Novice: 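Sharing a structure here in structure tokens format.
Below, chains carry the letters A, B, ... as their sequence lines are ordered, and counting in each starts from 1. Here the structure is a predicted model, which is why all the values come from computation and not from measurement. Just the heavy atoms: all of them, side chains too, but no hydrogens, waters or symmetry mates, feed the values below.
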Amino acid sequence: MATDSSYLDGLNDVQRKAVTTINGPVMVIAGPGSGKTRVLTYRIAHLINEGIPPYQILALTFTNKAAAEMKERIAAVVGKKSNQLWAGTFHSIFARILRYEAEKIGYPSNFTIYDSQDSKSLITTIIKEMNLDVKTYNVNGVFNRISNAKTNLISSKMYADNIGLRTQDRSSHRPKIADIYRAYAIRCKRAGAMDFDDLLYQTYVLLHKNPDQVLEKYRDKFKYVLVDEFQDTNHLQYSIIKKLVAFPNSPRNLCVVGDDAQSIYAFRGATIDNILNFQKEYKNLKVYKLEQNYRSTNFIVEAANQLISKNNKQIQKKIWSSQGEGAKIKLIKAVSDVEEAKRIAEVILEQKTRNHLNNSDIAILYRTNAQSRVFEEHLRRHNIQYKVYGGLSFYQRKEIKDLLAYLKLAVNPKDEEALKRVINFPKRAIGNSSLDKIKALANQQSQSIWDILKDIGKYQFPNRLKTAITKFVNIVVSMQKNLNVLDAYQLAVMAGDKTGLIATYQKDKTIEGMNRVENLRELLNGIKEFVESDEVIEEINSDDKSLTGYLQNVMLYTDQDKDNDDADRVLMMSVHASKGLEFESVFVAGLEKDLFPSKMAVEQREGIDEERRLFYVAITRAKRFLCLSFARTRYRFGNMVTSSPSNFLEEIGEENLEHALNIMSRSTDGRNESKGPRLGPTLKQRARPRIDVDNFEPSPISEIKIGKQVEHLRFGRGLIKTLEGAKGNEVATVLFEEVGEKRIMIKYAKLKVF
DNA sequence: CTCCTACGCCTTTTT
DNA sequence: GGCGTAGGAG
């Protein structure tokens, strides 16, 4: 049986139990820095050592990087058997299954993947085709609505029949969303395309509609299922997992690993309830809590504990550190975002000399990517090497998407978004009005645009246009013909040359143009590397050095997956992007009201709790040094805004801070003195008038008038300053005693006059 | 058809 | 402050 189980020696008791309890449902609650990855990898290694064939093990993660790291570490224990393991992201594993089974749900196996840009572009097209107003039907809103529907297993048909959803749409003046959803689904299918949600949703549909041939097969195959970052799964992901695991007589060998306190993806449909309710769903569940923190020193851990205790819903646990007391948390109080950046740069220099830190030991975290700019400037000034994560990724750049679009067309010419992107780029005199006519024809015949283009001779169009189109069709066809002859790299070179794409960018002699050519070269190199790497991807797709394989890789690639290159640089990234990482020294900047916690979150139910978890993630990235900062003024949208310190600063415990937190005393807002926080001379004064929650009865809208004193469940007492908006949608500006001015929709917010 | 300018929305966070 | 889109002129 077990061959070499020395890997068990380095584990603490709870970790060891979590690793060796292999049968039946297991939940591992893993606090930050508690050795979660070790448990996960050793658990899989242990399964294999116990004789479970690796191909019967399915391990789902959220990033490719996490999966790769896991596989690598498992290989170190069990050797190359680990190649047969099914370990990958939800999206990539399901994409792989879908490639095999696509025909069963009416998709081609060479389907292309739409990223959110593609999805939104198609939705915009549909909105315009339906002659709807693009302002009321703003793409992001519509896209989110459709995405949420899929995440909740609601098909376009079910959406159309759902009275609740339709009522919501009508009250937001967007009654046609159901029709847009339907058209979108049809168009995706016609284009042979799946968006990110489809990779999950269609997998669910596939399993659901083919219980005998497909579901049984995968149930039988995956005898052991592990899910990483379980707190970030959405309803759809969990439903698929349950389908695979929960059937009569199933041994339910499901192991979920996560930390409810680090659930930070609600905005993309993740629901913390999956982890909170897991115990109720699996009666004989074994729960292991990893509470020992091996990462951070004690002041940091204590601050994190105090902070998170303010949240309502959570699984009780107490993280403790074995790393000694360490340094207290430093706080930088800056007058402006510029000063904030300047002082952080200075502290970084100081830490480098006094504490002998390298650049790469240090990270600056912020709530929004837009905050990075000022830091870049000041680090540059101090000659500190840095690297910014996030923002627009390499694969989102125009020139890269252009070349990839040609490659996508070679694989699947029905891909409407790829086609629209490049049919007239480089310029071929196929303008918008011509394309609109072709598109109308395609819709009328329920065909893809490509179907029309390749038979363009049959239709009534000016000869000049027909010639231009034929030329374009020939380019795509000649690439198609070479699909099985050339490898992905050779095809990409062909796509760059034959289409005139690279030549077009080369004509542009501006710096930007030169960068683009450079990026295209980098892309080609990347493809070459992909083709030449001898890494076997997976048993099931081992031949997938093909273009299809490459494209799938690229579409599911994220910025998170980048290897930390060994260059010695300070890293800058959003707090979201920092999850799972750790640094000797961490700066969390911009701790201001309406920024962190973000304004949007404050207005949402349970939004603050999620922001608090986000801040929890931020501070627990630090091993030895943590520095928080806020600025009293900051440029946002190009103009200066005054802001005041975040409430979160009070919530981490003053005793964990290097200096007293007497920051809240004076009014911080010159223009509008009532806007700032007025927490009194010390932070201990938190005289929130207690509102009787149980007996809270909101007043009818008719009683809400300007000048009235009102109570709000979360914001406390306030004064109505203005009332505007149509009947039924009145928006009140309320000046709250504690949290300042808020704009509130009365029908949702529930105000009580007193 | 293509190029240029004006304006409007925007910023949470991302697989 | 920046991007993408609409709308007009060449």
Side-chain angles (χ1 to χ4, degrees), chain A residues 60-67 88-95 113-117 119-121 124-125 127-128 134-135 138-141 143-144 147 150-151 194-201 228-229 232-234 236-237 263-270 337 365-374 389-393 395-396 398 424-436 462 464-465 468 555-561 573-579 590 594-604 607 610-611 613-615 617-618 634-641:
Chain A
L60 295 165
T61 65
F62 273 88
T63 63
N64 296 303
K65 192 177 163 193
T89 63
F90 282 90
H91 289 83
S92 69
I93 294 275
F94 294 162
I113 297 171
Y114 278 176
D115 64 17
S116 0
Q117 265 180 54
S119 302
K120 285 176 189 173
S121 152
T124 310
T125 306
I127 291 171
K128 286 179 188 160
V134 283
K135 272 187 208 143
N138 86 348
V139 212
N140 286 315
F143 175 72
N144 283 336
S147 174
K150 284 186 198 164
T151 299
M194 299 219 195
D195 67 16
F196 284 145
D197 297 315
D198 283 329
L199 293 177
L200 311 178
Y201 179 71
D228 190 16
E229 308 279 15
D232 287 331
T233 52
N234 61 33
L236 174 52
Q237 286 161 326
S263 166
I264 56 172
Y265 283 108
F267 70 91
R268 107 187 156 199
D337 49 354
L365 311 182
Y366 33 73
R367 183 63 183 78
T368 64
N369 283 312
Q371 286 165 255
S372 70
R373 183 156 275 126
V374 208
Y389 267 55
L392 81 158
S393 109
Y395 293 101
Q396 313 260 56
K398 269 187 206 73
N424 198 31
F425 189 84
K427 301 254 178 296
R428 300 189 175 85
I430 307 171
N432 280 330
S433 55
S434 307
L435 193 58
D436 280 346
R464 208 150 41 99
L465 181 64
M555 294 309 287
L556 298 178
Y557 173 93
T558 72
D559 246 27
Q560 311 288 295
D561 299 328
M573 66 188 91
S574 69
V575 180
H576 280 89
S578 76
K579 192 159 83 159
D594 290 344
L595 181 62
F596 199 176
S598 95
K599 192 171 184 163
M600 302 246 182
V602 175
E603 283 152 15
Q604 271 160 25
E610 169 124 340
E611 294 287 307
R613 292 192 291 266
L614 193 55
F615 188 39
V617 168
R634 171 180 301 283
Y635 274 92
R636 284 180 101 177
F637 312 113
N639 40 33
M640 188 152 79
V641 177

Novice: Rounded to the nearest Å, what distance is computed from the CZ atom of residue A:Arg268 to the C1' atom of nucleotide B:dT13?
Specialist: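 About 9 Å, once rounded to whole Å.
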
Novice: Has the side chain of A:Asp594 got a donor or acceptor atom that lies under 3.5 Å from a matching backbone atom of A:Ser598?
Specialist: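 Checking the backbone N and O of A:Ser598 against the side chain of A:Asp594, no donor-acceptor pair under 3.5 Å is found.
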
Novice: Among B:dT13, B:dT15, C:dG2, which nucleotide has an atom closest to any side-chain atom of A:Phe196?
Specialist: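 Side chain of A:Phe196 sits closest to B:dT15.
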
Novice: Distance check, rounded to the nearest 0.5 Å: A:Phe90 atom CZ versus A:Asn234 atom CG?
Specialist: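 Between A:Phe90 CZ and A:Asn234 CG, I get 8.0 Å after rounding to 0.5 Å.
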
Novice: Restricting both atoms to N or O, compile the protein contacts to nucleotides 2-7 of chain B shorter than 3.5 Å, with distance only.
Specialist:
{"unit_1": "B:dT2", "atom_1": "OP2", "unit_2": "A:Asn424", "atom_2": "ND2", "d": "3.1"}

Novice: By a 5.5 angstrom centroid cut-off and a 30 degree plane limit, is there stacking between A:Phe62 and B:dT15?
Specialist: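 Whether judged by distance or by angle, A:Phe62 falls short somewhere, so it does not stack on the base of B:dT15.
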
Novice: For a 4.5 angstrom cut-off between non-hydrogen side-chain atoms, does A:His91 reach A:Ile113?
Specialist: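 Side chain of A:His91 against side chain of A:Ile113, heavy atoms only: no contact under 4.5 Å found.
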
Novice: Report the distance from atom OH of A:Tyr201 to atom P of B:dT15, rounded to the nearest whole Å.
Specialist: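 Distance check: A:Tyr201 OH to B:dT15 P gives 24 Å.
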
Novice: Using only atom types and a distance under 3.5 Å, with no angle test, would you say the side chain of A:Asp436 pairs donor to acceptor with the backbone of A:Ser433?
Specialist: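 Not at all, since once roles are kept as given, no pair shorter than 3.5 Å links the two residues.
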
Novice: Surrounding OH of A:Tyr635 (heavy atoms of other residues, nucleotides or ligands, distance under 6.0 Å), is the total greater than 12?
Specialist: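 Count not over threshold, so no.
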
Novice: With heavy atoms under 4.0 Å as the rule, sort A:Ser598 into base, sugar-phosphate or nothing.
Specialist: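 Answer is base: heavy atoms of A:Ser598 come under 4.0 Å of a base.
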
Novice: Is the phosphate of B:dT15, meaning OP1 or OP2, less than 4.0 Å from a side-chain N or O of A:Thr63?
Specialist: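 Result: no.
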
Novice: Are the side chain of A:Glu610 and the backbone N or O of A:Gly607 linked by a donor-acceptor pair below 3.5 Å?
Specialist: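 No.
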
Novice: When rounded to the nearest Å, what value does the distance between C1' atoms of B:dT11 and C:dA6 take?
Specialist: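 Here B:dT11 and C:dA6 have their C1' atoms 23 Å from each other.
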
Novice: Under 3.5 Å, side chain of A:Asp198 to main-chain N/O of A:Tyr201, donor-acceptor pair present?
Specialist: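 Answer holds: no.
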
Novice: For A:Phe143 and A:Ser434, take the nucleotide of DNA chain B holding the closest heavy atom to each; which residue's nucleotide lies nearer the 5' end?
Specialist: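 Taking each residue's closest nucleotide, the earlier one in sequence belongs to A:Ser434.
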
Novice: Expressed in angstrom and rounded to an integer, what is the separation of A:Gln117 atom CD from B:dT14 atom C1'?
Specialist: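 The answer, rounded to whole Å, is 13 Å.
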
Novice: Which value, rounded to the nearest 0.5 Å, describes the distance between A:Ser92 atom OG and A:Leu60 atom CG?
Specialist: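 These two atoms lie 8.5 Å from each other.
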
Novice: Calculate the interatomic distance between A:Asp436 atom CG and C:dA6 atom P; express it in whole Å.
Specialist: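 Atom CG in A:Asp436 sits about 11 Å away from atom P in C:dA6.
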
Novice: Grab the CG-C1' distance between A:Asp198 and B:dT15 for me, whole Å please.
Specialist: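 Value for this atom pair: 14 Å.
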
Novice: Roughly, in whole Å, what's the span from CD in A:Glu229 to P in B:dT15?
Specialist: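 In whole Å, B:dT15 P and A:Glu229 CD are 12 Å from each other.
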
Novice: Describe, in one word, how the ring planes of A:Tyr265 and A:His576 are oriented to each other, choosing from parallel (under 30°), tilted (30 to 60°) and perpendicular (over 60°).
Specialist: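 Ring orientation of A:Tyr265 relative to A:His576: tilted.
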
Novice: Looking at B:dT14, B:dC1, B:dT11, which one has an atom nearest to any side-chain atom of A:Asn140?
Specialist: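 The nucleotide sitting nearest to the side chain is B:dT11.
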
Novice: OP1 or OP2 of B:dT14 less than 4.0 angstrom from a side-chain nitrogen or oxygen of A:Asn369, does that happen here?
Specialist: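 Indeed, a polar side-chain atom of A:Asn369 lies that close.
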
Novice: Applying a 4.0 Å non-hydrogen cut-off, can you work out what A:Ser116 is touching in the nucleic acid: base, sugar-phosphate, or nothing?
Specialist: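 The answer is base, as A:Ser116 lies within the cut-off (heavy atoms under 4.0 Å) of a base atom.
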
Novice: From C-beta outward on A:Asn138, which listed nucleotide comes closest to its side chain: B:dC10, B:dC1, B:dT13?
Specialist: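 Nearest listed nucleotide: B:dC10.
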
Novice: Starting from C1' on B:dT15, measure out to CD1 on A:Ile93 and report it in whole angstrom.
Specialist: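 Whole-Å distance recorded here is 14 Å.
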
Novice: Should stems be defined as at least three consecutive Watson-Crick or G-U pairs with both distances under 3.5 angstrom, which of them involve DNA chain C?
Specialist: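 As far as DNA chain C goes, consecutive pairing (with distances under 3.5 Å) yields the stems B:1-9 with C:2-10.
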
Novice: With no hydrogens and no angle check, is any side-chain donor or acceptor of A:Ser121 less than 3.5 Å from a backbone partner on A:Gln117?
Specialist: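 No: the side chain of A:Ser121 does not pair with the backbone of A:Gln117.
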
Novice: Quick one: label A:Lys128 by what it contacts on the DNA or RNA (base, sugar-phosphate, nothing), any heavy atom closer than 4.0 Å.
Specialist: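 Answer is sugar-phosphate: A:Lys128 comes under 4.0 Å of backbone atoms only.
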
Novice: Out of C:dG2, B:dT13, C:dG4, which has the shortest distance to the side chain of A:Lys398?
Specialist: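 Ranking C:dG2, B:dT13, C:dG4 by closest atom to the A:Lys398 side chain puts C:dG4 first.
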
Novice: Is the side chain of A:Ser578 donor-acceptor paired with the backbone N or O of A:Val575 at a distance under 3.5 Å, no angle test?
Specialist: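 Pair found, side chain donor or acceptor close to backbone of A:Val575.
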
Novice: As a test of reading the structure: which of B:dC10, B:dT14, B:dT11 is closest to the side chain of A:Ala577, going by heavy atoms?
Specialist: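 Looking only at side-chain atoms, A:Ala577 lies closest to B:dT14.
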
Novice: Calculate the interatomic distance between A:Asn144 atom CG and B:dT13 atom P; express it in whole Å.
Specialist: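 Between P of B:dT13 and CG of A:Asn144: 13 Å.
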
